[in-house]
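Following: one structure in structure tokens, then a few remarks.
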Amino acid sequence: MRKERVHRFSALFENAYFRRLFVSYAVTTALIACLCGAVLYDRAGRAAHEELERQSRSKLLGVQEHLENTYPNVFKNAFVSNLLSAVDKPGRDAFSVYYEEYGQNVYQMYHLAAHLKTIVSGRPEAENVTVYFKNTNFMVDKHAFFPMEEHTPGAELIQRLQKDEIPTNRWLQRNVYYGEGVYDRLMTFVYSFPERAKGGEIQGYMLIDIRADRFRDILSGLAGDSGEKFVMLSVKDGYMTGSDHVTETDFTRVLNARERGAGSSDKGVSLLPASEGNGDWAYASIRPKGMVAPASAQMQRNVVFVCLGVIALGVLIAYYLSLKSYKPVQTMLLRLKERDNGLLPNQQRNEFLALDLVLNGLYSTIQQLSQQVDGNMLHALLNGRLSEDEMPKQVPVKAGYVVAAVRMENGGARELVPALQSGSPIAQLVAEKDAHEITILYFSDETGTLRERIREELERLLPSIAGDRGYAAGMGGLVQTREDIAKSNEQAASALKYTFLLGMNRVFDSEELGLRCDIPQIDYEPFERALRAGNSEAAKQFIADFSEKIKGRPVPLETAELSLAQLTMIMSKVMIDINTKERIFPDVLPYQRASQGTFAETVGSICEQSMQIAGHIGRHLLPHAQHEVIAGLMRYMDAHLHEDISLDQLAGMAGLSTQYLSRQFKEIAGISFIEYLTNVRMERAGGLLQNSRSSVTEIASAVGYSNAQYFCARFKSKFGVTPMQYRNLFKAEGDRTAHAGRG
């Protein structure tokens, strides 16, 4: 029995098929075991380092959040809570209302200064908190309140903030000089009010000053007792501050790590670059060497024993698998030869080569079928509605991805698909959005020049494919993960919208469009004046100048659209003021009529509408409305001086808006409505005092004043004397005249 088993065992190894199977399995197992043993130690150490790196980055994110949001918000919230308790004006900015209500109230200003002192005293590391009111050029800090002058500490900073030379809502490092070489180095956090306001919207600032040497205490408190050190680095000027025990050597390590970037070899330093929203400060942590423990000698011995055990086990498994695989493989080859000899080579010296040939053929067929990506799944991927386990197999896990949106005028977008795919060496998937637009997902391992190659390809292929039809393409940014493909798709769609401003037959790059940040300063008042004056030529010239200013500068699409909306808003405002909307555009509002497919068409529509509005005003309203309406209202006021007359009441009688009537009244009468009404009432009262025996109270009531004391004050302001003095003055003059007549 034993001899028979030995004979069968030796017979197996004499067979070439079995030997190849056994050797391949055994060698594969040995190689895997050796490779695992070689990398196990390195992987363990690397995993420990990566874990510490993740922990340090998480801590740095916490430090950044604390310093840039949580910590300064303590001061802001303490200030705003006090401010809001004193101000109750829904719908208006509490910061501005506070000074309008209490800006001249010394007690309130002392109260605000005392509140700031309380805020600072609750934070020992804080040097001062200063509030600046832009509308009055006034400053309040923990010591006092005072107007800002050129020599006032912090005046230079406020002036630079008002010129937009310094961004707000972030930390900045500055030196405050007191003369004779004496200065303080401060870390200052600047809040703008209203919160997150920019440019001309800013009503004031709140400055939180921390002495630079005390800023170390804040970082030390965040570091705790872990032994880790934190450093805060100014990207702009290289200034650094850190927690306790940070040395010059540590600062040098941080600078070196920042210069090397992601490839830094200093494993003790973790760097958090400046965030996109706050590009001024980067953060770093420095870990002590003891936190990264090296692998021990015992670990090395364990690796060797594990490798030897895996090899021994692999030999046994190789024999077992070879035994189980030998007969099925031989049987399968025989059946394949019987079914279709074309699948196998003529010379079958190597069974595995024959199997590899068959399997490669099957694999090619599977690959061709798998390339037919479900359109709905691709759309879901582009719009960010797929989880990681739902991703299409055609989209690789690790690659660079770029999305391009292509539009074809007059339909025919489907015709682009085969032409683009056949002419492109870059892997791509195409999703058909509608008859006019398709979306292309490009992906490649070579990310360095991927976007440039895609752009060159689109600029080369699209003109030849589109022919006489207009085309446009928008390119998104390069992303490195499949989850971010939706972001690139959004960028491509946004870039394609620039056809409204820049026209068709070109490729729009989202990165280039992102550099369009010019916001022209446009004064719309001349346009409104031209419309109200019925001056069609002036309105037309304004729109022409407006169009040149927008088209001739790198203006963002949103700015152009907002500027167009501003023009239509002015037209609507003029029509509402003069009650002519239904007569000129009875069907829709001006902004609905003006909205067209391109910027030039929209400007043309706005120009046409403005000509209609100005022409209507010039032909039908200006010759009559100004003088006749105002004269009629003056006559009404003369006849009803004893009543309570308001501008709103007169505007309702004339069918005009209050603001428009106020402007017209001042333009024609030369004085405001209030001045005119007061003058008429005072003149009527003077006549009654001269020619009647009515009391002052009766005369006040007769000219519309229910309060006799207020009437007397207004009368004296007008004539320089009280009503009784005025009456006595004229009575004395009459007596002198009568006496002279008798003489």
Side-chain angles (χ1 to χ4, degrees), residues 66-89 92-162 166-178 183-197 202-215 217-218 221:
H66 181 83
L67 293 181
E68 297 181 5
N69 292 299
T70 306
Y71 183 78
N73 275 347
V74 171
F75 296 92
K76 185 198 73 172
N77 293 338
F79 167 71
V80 172
S81 62
N82 177 267
L83 185 147
L84 292 178
S85 66
V87 177
D88 185 14
K89 294 288 184 178
R92 295 186 61 191
D93 170 36
F95 185 81
S96 302
V97 174
Y98 183 88
Y99 193 79
E100 293 174 6
E101 296 289 338
Y102 302 112
Q104 307 303 322
N105 188 320
V106 175
Y107 171 76
Q108 287 293 338
M109 288 297 98
Y110 271 119
H111 176 73
L112 179 57
H115 180 64
L116 294 179
K117 184 174 183 180
T118 301
I119 295 175
V120 173
S121 63
R123 292 279 172 173
E125 71 279 2
E127 177 70 11
N128 200 357
V129 176
T130 305
V131 179
Y132 171 72
F133 295 91
K134 181 179 179 182
N135 57 347
T136 58
N137 199 35
F138 220 73
M139 301 181 75
V140 182
D141 63 11
K142 68 176 184 178
H143 301 294
F145 57 95
F146 45 87
M148 187 185 75
E149 298 178 355
E150 183 176 356
H151 62 275
T152 302
E156 180 184 357
L157 175 60
I158 296 297
Q159 292 169 359
R160 294 183 65 190
L161 286 169
Q162 291 178 334
I166 301 176
T168 58
N169 301 298
R170 61 190 63 185
W171 288 105
L172 58 94
Q173 183 273 329
R174 65 192 183 103
N175 295 330
V176 178
Y177 291 89
Y178 302 104
Y183 70 93
D184 281 336
R185 172 169 287 180
L186 301 178
M187 296 286 289
T188 301
F189 195 93
V190 181
Y191 274 113
S192 59
F193 290 98
E195 189 172 357
R196 302 298 178 188
I202 296 177
Q203 299 298 319
Y205 303 95
M206 180 179 183
L207 311 179
I208 304 170
D209 293 329
I210 309 295
R211 291 180 63 90
D213 54 352
R214 298 301 298 273
F215 209 80
D217 299 339
I218 301 176

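Nothing here was measured: the structure is a model prediction, and the numbers come from that model.
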Residues E149 and A155: closest non-hydrogen pair is O-CB, 3.1 Å
Y205 and Y132 aromatic ring geometry - parallel, tilted or perpendicular at 30°/60° bounds: parallel
Measuring from atom CH2 of W171 to atom OH of Y71, what distance do you get when rounded to the nearest 0.5 angstrom? 6.0 Å
Do you know which two heavy atoms are closest between S192 and N169, and how far apart they sit? OG-ND2, 3.4 Å
For N137 and M148, indicate whether the former's side chain and the latter's backbone hold a donor-acceptor pair under 3.5 Å. yes
Would you compute the distance between atom OG1 of T188 and atom CD of Q173 and round it to the nearest 0.5 angstrom? 8.5 Å
Please report the closest heavy-atom contact between N69 and Y191, naming both atoms and the distance. O-OH, 4.2 Å
Do I119 and R123 pass the side-chain contact (heavy atoms from CB on, under 4.5 Å) test, and can you show the C-alpha distance, the side-chain angles, and the key distance before you say yes or no? CA-CA 7 Å; I119 295 175; R123 292 279 172 173; 5.9 Å; no
Atom CD of E68 and atom NE2 of H66: how far apart are they, to the nearest 0.5 Å? 11.5 Å
Working for side-chain contact (heavy atoms from CB on, under 4.5 Å), residues L161 and L207: CA-CA 11 Å; L161 286 169; L207 311 179; 4.3 Å; yes
Full working for side-chain contact (heavy atoms from CB on, under 4.5 Å) between V190 and I166: CA-CA 10 Å; V190 181; I166 301 176; 5.8 Å; no
State, to 0.1 Å, how close V129 and L116 come at their nearest heavy-atom pair, and which atoms those are. O-CD1, 3.6 Å
Over all heavy atoms of both residues, which pair between L172 and R174 is shortest? Give the atoms and the distance, please. CD1-CD, 3.7 Å
Within this structure, what is the CZ-CD1 distance for the pair F189 and I210, rounded to the nearest 0.5 Å? 11.0 Å
Least distance between heavy atoms, F133 atom then V140 atom: CE1-CG2, 4.0 Å
Nearest 0.5 Å, please: how far is CE in M206 from OG1 in T168? 14.0 Å
Supply the atom-to-atom distance L157 CG to L186 CG, rounded to the nearest 0.5 angstrom. 10.0 Å
